[in-house]
Amino acid sequence: NVFVINLQDKNEFGKLEKVINIEDTTDSDIDNSVPANLVVITPDLARGANFAGALAYASDLEGKITKINLTNMTQGRSGSIDLYDTTTLFKTGSSKSNGRYLYKSLTSVIGQTTNNLWLFGGTGDAQRLNDRSTGTDNFLFGIKDPDYPEYSDVATPSKADDISECKNTSNDRVGTPCRVKDTDRGWYVKLPNYAKLSAKPTADNGLVYFPVYRPSVSQNKCDLGDALACTVDDECGTHDSFLGLETSRNEQKGTVCRFVGKGVLSEFIIYAGKIFANISGKSIAGAITDTIQLDKATGEPLTYRKSWREN
């Protein structure tokens, strides 16, 4: 469930206004919950949004992305709509056997080329990072909401779009023409060798930075795995070594994600042309052992300001 709490009522501060049910799917054997923060789109922070209130996007352990209407809009593309309406935009096909849990928050941007709202995320069992069970099948993804900035009743969980509606761009490198068409829901990049998303992705200037953890192949189950910085073009899904490669390290072989150390990465922070993240083990990218520091990749510069709060 998602809870709407009133923090402005002086007489009943903290009042529970609404419990919004996130509909379960019968296609998954996962006990569902919503562990991650929601993506909340308000008109002062997003281009094209002329409503009052917000559109919210919730990701859950069953791998679904649910859109929630928290606006004053009464008419959508599919007909009349009400406050607190929900619809299922997408599902990753999560199950206990493939491990495609959505533990981490999504990241959103307005695409500079498509002008669509894009949502970026990745799958993986955050409670069992070192798990190497047969059948584990995780990926990074970017999907678009074609109805934004409007709300439309798209689908129930059983009828929602899934990964088959997206282009597999795992092997698309720089120079490959963009294969994601208007008719595609988005793109996805496969994570081999039992790798998993370890924190919320970060989007900046046309690129998305994903912190990824790859379990150790050691017989010692407690050994730290590899921390990888994976970079993908936000609208085309082009997956390449935008951050360079540690070619002298064995851990770098077989991946275009940059090997940055041993342990689990936090969310990336971008500041002054640099990328920073904490790491639970030891970093090889930067002078501080528990912090990585890399030069930011070159992307598409874009700024948007609609409110005095952004100045």
Side-chain angles (χ1 to χ4, degrees), residues 1-46 49-76 78 80-92 94 96 100-109 117-127 141 143 145 147-161 197-203 266-267 307 309:
N1 295 330
V2 172
F3 297 90
V4 180
I5 299 173
N6 192 331
L7 300 179
Q8 293 184 318
D9 191 325
K10 295 181 180 179
N11 296 321
E12 294 186 77
F13 182 82
K15 175 186 176 183
L16 179 61
E17 293 284 353
K18 182 71 174 179
V19 178
I20 302 173
N21 178 53
I22 302 299
E23 187 177 353
D24 285 345
T25 175
T26 57
D27 298 334
S28 177
D29 55 359
I30 294 171
D31 295 326
N32 199 27
S33 66
V34 182
N37 292 333
L38 275 61
V39 172
V40 180
I41 308 296
T42 55
D44 59 326
L45 296 178
N50 295 314
F51 49 74
L55 290 170
Y57 299 84
S59 54
D60 62 42
L61 292 187
E62 286 184 332
K64 304 190 309 298
I65 297 176
T66 301
K67 185 177 181 179
I68 306 171
N69 179 37
L70 301 176
T71 75
N72 64 340
M73 292 188 290
T74 58
Q75 194 71 24
S78 58
S80 61
I81 57 175
D82 296 312
L83 183 65
Y84 306 128
D85 277 356
T86 64
T87 189
T88 307
L89 283 186
F90 184 75
K91 58 185 178 182
T92 62
S94 304
K96 291 179 180 178
R100 293 181 193 162
Y101 300 86
L102 284 181
Y103 267 103
K104 306 303 179 182
S105 298
L106 305 172
T107 291
S108 65
V109 300
L117 175 76
W118 286 80
L119 299 166
F120 306 105
T123 65
D125 190 345
Q127 302 298 312
F141 64 84
I143 67 159
D145 178 2
D147 294 314
Y148 175 85
E150 299 180 37
Y151 177 91
S152 180
D153 188 10
V154 179
T156 60
S158 62
K159 296 182 179 180
D161 286 346
L197 185 75
S198 65
K200 176 183 175 181
T202 301
S266 70
E267 178 182 350
S307 168
R309 284 181 284 180

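In what follows, residues are counted from 1 in the order of the sequence shown. Atom set for the values below is all heavy atoms of this structure, side chains included, hydrogens, waters and symmetry mates excluded.
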Asker: Name the residue from D27, D24, D161 that meets the salt bridge (Lys or Arg N to Asp or Glu O under 4.0 Å) definition with K91.
Answerer: D27
Asker: Can you name the side-chain contact (heavy atoms from CB on, under 4.5 Å) partners of E150, sequence neighbours left out?
Answerer: R77
Asker: Output all residues satisfying side-chain contact (heavy atoms from CB on, under 4.5 Å) with Q8, sequence neighbours left out; order by chain, then residue number.
Answerer: N6
Asker: Show every salt bridge (charged side-chain N to carboxylate O under 4.0 Å, His left out) that has at least one partner inside residues 2-12, sequence neighbours left out.
Answerer: none
Asker: State whether the side chain of S105 and the backbone N or O of K200 hold a donor-acceptor pair below 3.5 Å, judged by distance alone.
Answerer: no
Asker: State which residues pass side-chain contact (heavy atoms from CB on, under 4.5 Å) with D31; sequence neighbours excluded, sorted by chain then number.
Answerer: none
Asker: Any side-chain heavy atom of V154 sitting closer than 4.5 Å to one from F90?
Answerer: no
Asker: Under the side chain to side chain donor-acceptor pair (under 3.5 Å) rule, what pairs show up with a residue in residues 64-73, not counting sequence neighbours?
Answerer: D60-K64, E62-K64, K67-D145, N69-T71
Asker: Parallel, tilted or perpendicular: which fits the ring planes of Y103 and Y101, with parallel below 30° and perpendicular above 60°?
Answerer: tilted
Asker: Can a donor-acceptor pair be found, under 3.5 Å and without considering hydrogens, that links the side chain of T25 to the backbone of P157?
Answerer: no
Asker: Which heavy atom of Y148 sits nearest a heavy atom of L55, and at what distance?
Answerer: CD1-CD1, 4.1 Å
Asker: When you compare the side chain of W118 with that of I143, does any pair of heavy atoms fall below 4.5 Å?
Answerer: no
Asker: So, Y151 side chain and T87 main chain: donor-acceptor pair closer than 3.5 Å or not?
Answerer: yes
Asker: Applying side-chain contact (heavy atoms from CB on, under 4.5 Å), name anything that partners S33, two or more places apart in sequence or on another chain.
Answerer: P35, L61
